[in-house]
Amino acid sequence: MAFDQVRVRLAPSPTGDPHVGTGYIALFNFVFARKNKGKLILRIEDTDQVRSRASSEQMIMESLRWLGLDWDEGPDVGGAFGPYRQSERRHLHQEHANKLVTSGHAYRCFCTSERLDEMRAKQKADGSQLGYDRHCRNLSDAAISANLSASKPFVVRMKMPTDGVTIVKDLLRGNVEFENQRIDDQVLLKSDGYPTYHLANVVDDHLMKISHVIRAEEWVSSTPKHVLLYEAFGWEQPTFVHMPLLRNTDKSKISKRKNPVSLRYYQRAGILPEAMVNFLALMGWSFGNDIEIFTVSEMIEKFELERINLGGPIFDQTKLNWMNNQYMQKISTGRFVEYLRDQIFNIDQLLKIKPFAVERMDRFDQFLDNNIFFFNGALKYDGIPLVPAGKTNDEMITMLGRLAETLDEVYDWSMDPIKQAMDAVKTELNWKPKDYFMPIRLVVTGRKDSPPLVESIEIIGREMTRFRLRDAADYLKAHPQKTPS
RNA sequence: GUCCCCAUCGUCUAGCCUGGCCCAGGACACCGCCCUUUCACGGCGGCGACGGGGGUUCAAAUCCCCCUGGGGACGCCA
């Protein structure tokens, strides 16, 4: 093999909260790198200019460090193969896209997104194969220069072979064959000049000398495109390893609609990082000898990629909690005190609560009783009438879901945007203020005499607010408070 | 719809590659008992799975085929 060193990478896209799946894949990359005395590279895949956010990048790095998964090269620590943010490598991607156009492996496509939408709608309607119809694949030179001089926007698409098969060698799944004629002429370069995942990924993996691509199973079906790109460039392929997907209880791919997926939520909920990592390790891998509790170092010693179980594991909170309890029981006194001080009663949080707390108590011994919801995780809704008089159980569930979704889009977590988001949902669903705010207050704080709602929500934070909204919706599904008349 | 992946208790899994030691082992959850002035922890026990059908073989959870089921992908998102 031409790769003289194991080099693996973590390639999160900074488009939201640090995802538990990112932590999962990070763990296996980390362990594999350490096992083989190789390097772990953190590369930020921020080629989606619309959705990428610097704050998200920051949170991802914090969460990974919280888990104790450190990297050898990355945007913050540097390295010999930088830059490590794809947006800063744009010229490289463009240069390589142009190479492919010149060599005849790719072409410019001037189709508008309207045309593509129509095309897809049509394909869907008559049930034909989905994919680009290759309208621009064989434009004449004259047509191309005419479009270019009219400065029509274009993308660069890869010219996929029309016959034969492409074989993806996956370390865990063996050879997976794909018929070339079914592979879509993938967009490599968007009209804004940024690369798509496929191009950026292959170019950067090659330039960064990545030896093993360890990523989630959802990528299997686009891997033939990547293989074809390596071939078009004449580059050696890395070894592909596709990990199983973490699942919701209903076996679908883990999603925030059905499960808390933010690592920050688990941190906030008091899960110890070593418990989280240990639990994640058990998703698809096992230590052997019926041992379930082990550290990352112990995992590194015993690790074998080949022993990964390919069935998609369900992310089971109950077992996570048990795992956490196991670590809790062994925690040192120092760490116990530290944790409470830094994570639960942390000074920033107390500072924010103070003005609201002092108005509502005349003795300090009332503090915890009054403000418990600022520190708690899940709340108890038994005996609390959550559904307002004018609404049905189902309407309430729908409202909670919409509000959770909408609040999730609030990246600047401060009063005004939160207020706006809440009003937007109220308007969208056409709820009266009277029916709207009290139930939300009850769900989020567990009481009707809480400090001001928006302020409280801001302090509670996005992850926990979202969790409580979902949790209350689940609660109402299981325990309807009203039956439809 | 098309392509691809996967398939052991409700859940996480061991065993599968290199068939016999497996009428399938461990853990979570659940149930019972014990410990205990409560609860929890802990200990003991119980419940509980090789999706179905064909092969191959003296012998199949383990190898092969079909079916079924589940999942993923089919974006100028990653």
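Chain identifiers are assigned alphabetically (A, B, ...) following the order of the sequence lines, protein sequences preceding nucleic acid strands; residue numbering begins at 1 within each chain. In this text the structure is predicted, and so the values were computed from the model without any measurement.
Minimum atom distance to the side chain of Asp316(A) is reached by U11(B), of the listed A29(B), C76(B), U11(B). Considering only side-chain atoms of Arg173(A), the nucleotide from C76(B), U11(B), C5(B) that sits closest is C5(B). Closest contact between the side chain of His198(A) and the listed nucleotides C76(B), G70(B), A78(B) involves A78(B). Looking at the side chain of Arg307(A), the nearest of the listed nucleotides A29(B), G15(B), G71(B) is G15(B). For Glu218(A), whose side chain is taken as the heavy atoms from C-beta onward, the closest listed nucleotide among A78(B), A27(B), G42(B) is A78(B). Taking the side chain of Leu310(A) as heavy atoms from C-beta on, and the options C6(B), C74(B), U13(B), the nearest nucleotide is C6(B).
The side chain of Lys251(A) places an N or O atom within less than 4.0 Å of a non-bridging phosphate oxygen (OP1 or OP2) of U11(B). For Arg247(A) and G71(B), the shortest distance from a side-chain N or O to OP1 or OP2 is not below 4.0 Å. Phosphate contact (OP1/OP2 of A14(B), side-chain N/O of Asn309(A), threshold under 4.0 Å): present.
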I'd like to know whether Trp71(A) forms a ring-ring contact (aromatic ring centres under 6.0 Å, His included) with Phe30(A), so could you lay out the CA-CA distance, the side-chain angles of the two residues, the decisive distance to 0.1 Å, and finally the verdict. CA-CA 8 Å; Trp71(A) 46 95; Phe30(A) 177 87; 9.6 Å; no
How far apart are the C-alpha atoms of Arg65(A) and Asp70(A), what are their side-chain angles, what is the distance that settles it, and do they pass the side-chain contact (heavy atoms from CB on, under 4.5 Å) test? CA-CA 6 Å; Arg65(A) 288 221 164 88; Asp70(A) 227 321; 3.4 Å; yes
What verdict does the side-chain contact (heavy atoms from CB on, under 4.5 Å) test give for His206(A) and Gln237(A), after you've listed the backbone C-alpha separation in whole Å, the side-chain angles of each residue and the deciding distance to 0.1 Å? CA-CA 8 Å; His206(A) 174 257; Gln237(A) 292 173 44; over 6 Å; no
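C23(B) and C65(B): their P atoms are spaced 26 Å apart (whole Å). Going from the C1' atom of G10(B) to that of U18(B) covers 33 Å, rounded to whole Å. A27(B) and G20(B): their C1' atoms are spaced 28 Å apart (whole Å). Going from the C1' atom of G48(B) to that of G55(B) covers 31 Å, rounded to whole Å. For the P atoms, the distance from A78(B) to A73(B) is 14 Å, rounded to whole Å. For the P atoms, the distance linking A61(B) with C16(B) amounts to 14 Å, nearest Å. Nucleotides C17(B) and C21(B) have their P atoms positioned 13 Å apart, rounded to a whole Å. Using C1' as the reference atom, C33(B) and C12(B) are 27 Å apart when rounded to the nearest Å.
Of the residues near RNA chain B, Tyr132(A) and Ile308(A), the one whose nearest nucleotide (by heavy atom distance) lies more toward the 5' end is Ile308(A). Nearer to the 5' terminus of RNA chain B, by closest-nucleotide assignment, is the contact made by Tyr24(A) (compared with the other of Lys253(A) and Tyr24(A)).
A side-chain hydrogen bond (donor to acceptor under 3.5 Å, both in side chains) with Asn201(A) holds for exactly one of Gln86(A), His226(A), Arg9(A); it is Arg9(A).
In the region residues 47-71 of chain A, proximity to RNA chain B at under 4.0 angstrom, judged on heavy atoms, holds for Thr47(A), Asp48(A), Arg51(A). RNA chain B lies under 4.0 Å from at least one heavy atom of each of the following residues of residues 176-197 of chain A: Val176(A), Glu177(A), Phe178(A), Arg182(A), Val187(A), Lys190(A), Ser191(A), Pro195(A), Thr196(A), Tyr197(A).
Between Leu199(A) atom CG and A78(B) atom C1' there is a gap of 14 Å when expressed in whole angstrom units.
Remark: side-chain polar atoms of His93(A) are paired, donor with acceptor, to backbone N or O of Arg89(A) under 3.5 angstrom.
Residue Met283(A) is classed as a sugar-phosphate contact, given heavy-atom separations below 4.0 Å to backbone atoms only.
A donor-acceptor contact under 3.5 Å links the side chain of Lys319(A) to the base of A27(B).
Note that the CG atom of Asp17(A) and the OG atom of Ser56(A) stand 7.0 Å from one another [nearest 0.5 Å].
Under the 6.0 Å cut-off for aromatic ring centres, Tyr266(A) and Phe315(A) qualify, their centroids lying closer than that.
Counting heavy atoms from C-beta on, the side chains of His212(A) and Val6(A) come closer than 4.5 Å.
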